[in-house]
A.B. asks: 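First, the structure itself, so that you have it in front of you.
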Amino acid sequence: MRIIKAKTYEEMSLAAADYIMAQILWKQDSVLGLATGSTPIGVYNELAERNRQRRLDFAQVRTVNLDEYVGLTADHPQSYARFMRENLFDHLNIKPENTHIPNGVATNIDAECAAYDALIQGLGGVDLQLLGVGHNGHIGFNEPDAAFPLGTHQVTLTESTLQANQRFFERPEDVPTKALTMGIRDIMQAKRVVIVASGSDKAAAVKDMLAGPIVPQMPASILQIHPNCVLFADEAALSQM
Ligand code: F6R
């Protein structure tokens, strides 16, 4: 894994945006795998600004998001579908029909997961997957487990993730306990992976991801064997290295 060390969150976001921009310039109809959460927001702001300045065109770009909460409709204020519209899609010349997010209110969850994997295959696979990393090492919502999950599936979120997500909800009991997420195989099949990490609270996870054993108890450690993965991290996130 290549490591690009930035001094600050802003520097990290610019460097990751440069990388994603290069991907889109090189292949205008790129399939981008996208993440939610706080870390990519700086990258998304920068991509939106470059699109506004007409330096970057999203007219042909297709996107697939990693995950969605089970039980939240696409217009729920805390749904990832809404997050993506507010933080990225509404600010781009991307076609809404080219953006895809798992349906957290599907009546048949298994069918939804299978259809999502088929959709990714139908798009020709992910060209560039953007990831954040959880405090417990999750990528997407692939939580620490006894085995690496393969395709899109439903997960029960761990206590650590529920606590981290609580900041977005008024009451702890409002935080959804289940989510749909692309699996580790979906992520590992992406041609390129970009992972962003910022802040000293991520330092332990970053250290285990980079230097620990490749085990499903630390899902991000699998990225050590991805042939084309770049970590963009600020000094704080790399402070235990
Ligand atoms: C979100 C996702 C998660 C986050 C991770 C880090 O789509 O897939 O894996 O990337 O929880 O979240 P932040 O960036 O909020 O620390």
Side-chain angles (χ1 to χ4, degrees), residues 1 16 19-24 26-37 39-40 43-44 47 58-70 72-74 79-85 87-89 92 94-134 138-143 145 147-155 157 178-196 216 219-220 222-223 225-230:
M1 191 184 313
Y19 192 92
I20 296 168
M21 178 159 157
Q23 167 69 41
I24 298 170
W26 171 67
K27 184 171 185 263
Q28 292 186 346
D29 63 348
S30 285
V31 177
L32 302 183
L34 296 177
T36 57
T39 318
V43 178
Y44 291 160
L47 293 176
F58 280 80
Q60 295 181 56
V61 170
R62 286 88 45 88
T63 67
V64 285
N65 258 80
L66 280 166
D67 39 24
E68 179 59 283
Y69 287 122
V70 168
L72 301 195
T73 56
S79 73
Y80 285 167
R82 178 96 166 246
F83 175 100
M84 289 308 300
R85 288 201 302 277
N87 287 288
L88 189 64
F89 300 149
L92 300 178
I94 197 164
K95 296 191 181 90
E97 63 270 27
N98 284 347
T99 67
H100 307 280
I101 299 185
N103 177 8
V105 291
T107 44
N108 185 338
I109 293 287
D110 289 344
E112 171 64 18
C113 292
Y116 203 70
D117 282 339
L119 172 95
I120 295 169
Q121 294 305 317
L123 290 171
V126 173
D127 291 304
L128 185 153
Q129 176 67 56
L130 176 63
L131 298 173
V133 61
H138 71 213
I139 46 177
F141 271 141
N142 294 283
E143 299 280 41
D145 207 343
F148 287 112
L150 300 178
T152 301
H153 60 289
Q154 177 170 237
V155 287
L157 301 174
K178 290 186 190 301
L180 301 185
T181 182
M182 278 163 57
I184 295 291
R185 182 186 55 211
D186 297 315
I187 292 171
M188 290 298 285
Q189 284 182 344
K191 297 178 188 82
R192 295 171 198 279
V193 174
V194 168
I195 180 158
V196 285
I222 192 84
L223 296 171
I225 62 157
H226 193 282
N228 212 332
C229 178
V230 189

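Counting from 1, the numbers follow the sequence of the chain as shown. All heavy atoms count here, side chains included; hydrogens, waters and symmetry mates do not.
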A.B. asks: Any heavy-atom pair between the side chains of Phe58 and Ile24 that's under 4.5 Å?
C.D. replies: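 In contact.
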A.B. asks: If you take all heavy atoms of Ile139 and Ala220, which pair is closest and at what distance?
C.D. replies: CG2-CB, 3.9 Å
A.B. asks: Is His100 close to Leu123 at the side-chain level, that is, under 4.5 Å between some pair of heavy atoms?
C.D. replies: yes
A.B. asks: With a 4.5 Å limit on heavy-atom distance, are the side chains of Asp145 and Val155 in contact?
C.D. replies: no
A.B. asks: Would you mind reporting whether His153 and Thr181 have side-chain heavy atoms less than 4.5 Å apart?
C.D. replies: yes
A.B. asks: Using the test salt bridge (charged side-chain N to carboxylate O under 4.0 Å, His left out), find all partners of Arg192 that sit at least two apart in sequence or belong to another chain.
C.D. replies: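 Once residues adjacent in sequence are excluded, Arg192 has no partner under the salt bridge (charged side-chain N to carboxylate O under 4.0 Å, His left out) criterion.
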A.B. asks: If the plane angle is over 60° it's perpendicular, under 30° parallel, otherwise tilted; pick one for Tyr80 and Tyr69.
C.D. replies: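 Judged by the thresholds at 30° and 60°, the geometry between Tyr80 and Tyr69 is tilted.
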A.B. asks: Quick one, Glu68 and Asn103 - any side-chain contact, counting heavy atoms below 4.5 Å?
C.D. replies: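 A side-chain contact under 4.5 Å is absent here.
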A.B. asks: Got a sec, which residues hit side-chain contact (heavy atoms from CB on, under 4.5 Å) with Asp117, two or more places apart in sequence or on another chain?
C.D. replies: Ile120, Thr152, Arg185, Asp186
A.B. asks: For Asn228 versus Lys191, what's the shortest heavy-atom pair and its separation?
C.D. replies: CB-O, 3.3 Å
A.B. asks: Ignoring hydrogens, what is the shortest heavy-atom contact between Thr63 and Thr99? Give both atom names and the distance.
C.D. replies: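 Shortest heavy-atom separation between Thr63 and Thr99 comes out as OG1-CA, 3.2 Å.
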A.B. asks: Would a 4.5 Å heavy-atom cut-off, applied to side chains only, mark Pro40 and Leu130 as touching?
C.D. replies: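 SC-SC contact between Pro40 and Leu130 confirmed.
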A.B. asks: What I'd like to find out is whether the side chain of Thr36 reaches to under 4.5 Å of the side chain of Met84, using heavy atoms alone.
C.D. replies: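 A side-chain contact exists here, since the closest heavy-atom pair is under 4.5 Å.
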A.B. asks: Taking only residues two or more places apart in sequence or in another chain, which ones pass side-chain contact (heavy atoms from CB on, under 4.5 Å) with Asn98?
C.D. replies: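 Scan of Asn98 (side-chain contact (heavy atoms from CB on, under 4.5 Å), adjacent residues dropped) gives Arg62, Lys95.
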A.B. asks: Taking all non-hydrogen atoms of both residues, which atom of Phe89 and which atom of Leu34 are closest, and how far apart?
C.D. replies: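 Taking Phe89 first and Leu34 second, the nearest heavy atoms are CE2-CD1, 3.8 Å.
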A.B. asks: Tell me the closest heavy-atom pair linking Glu143 and Leu157, and the distance in Å.
C.D. replies: OE2-CA, 3.6 Å
A.B. asks: If I compare all heavy atoms of Gly33 with all of Val126, which pair ends up nearest, and what's the gap?
C.D. replies: N-CG1, 3.6 Å
A.B. asks: Is the backbone of Pro96 close enough, under 3.5 Å, to the side chain of Arg85 for a donor and an acceptor to pair up by distance?
C.D. replies: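 Such a contact is absent between Arg85 side chain and Pro96 backbone.
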A.B. asks: Would you indicate whether the side-chain heavy atoms of Thr39 and Val133 approach each other to under 4.5 Å?
C.D. replies: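 SC-SC contact between Val133 and Thr39 ruled out.
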A.B. asks: Drop me the distance from Ile184's CD1 to Leu150's CG, to the nearest 0.5 angstrom.
C.D. replies: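 Ile184 atom CD1 to Leu150 atom CG measures 9.0 Å (nearest 0.5 Å).
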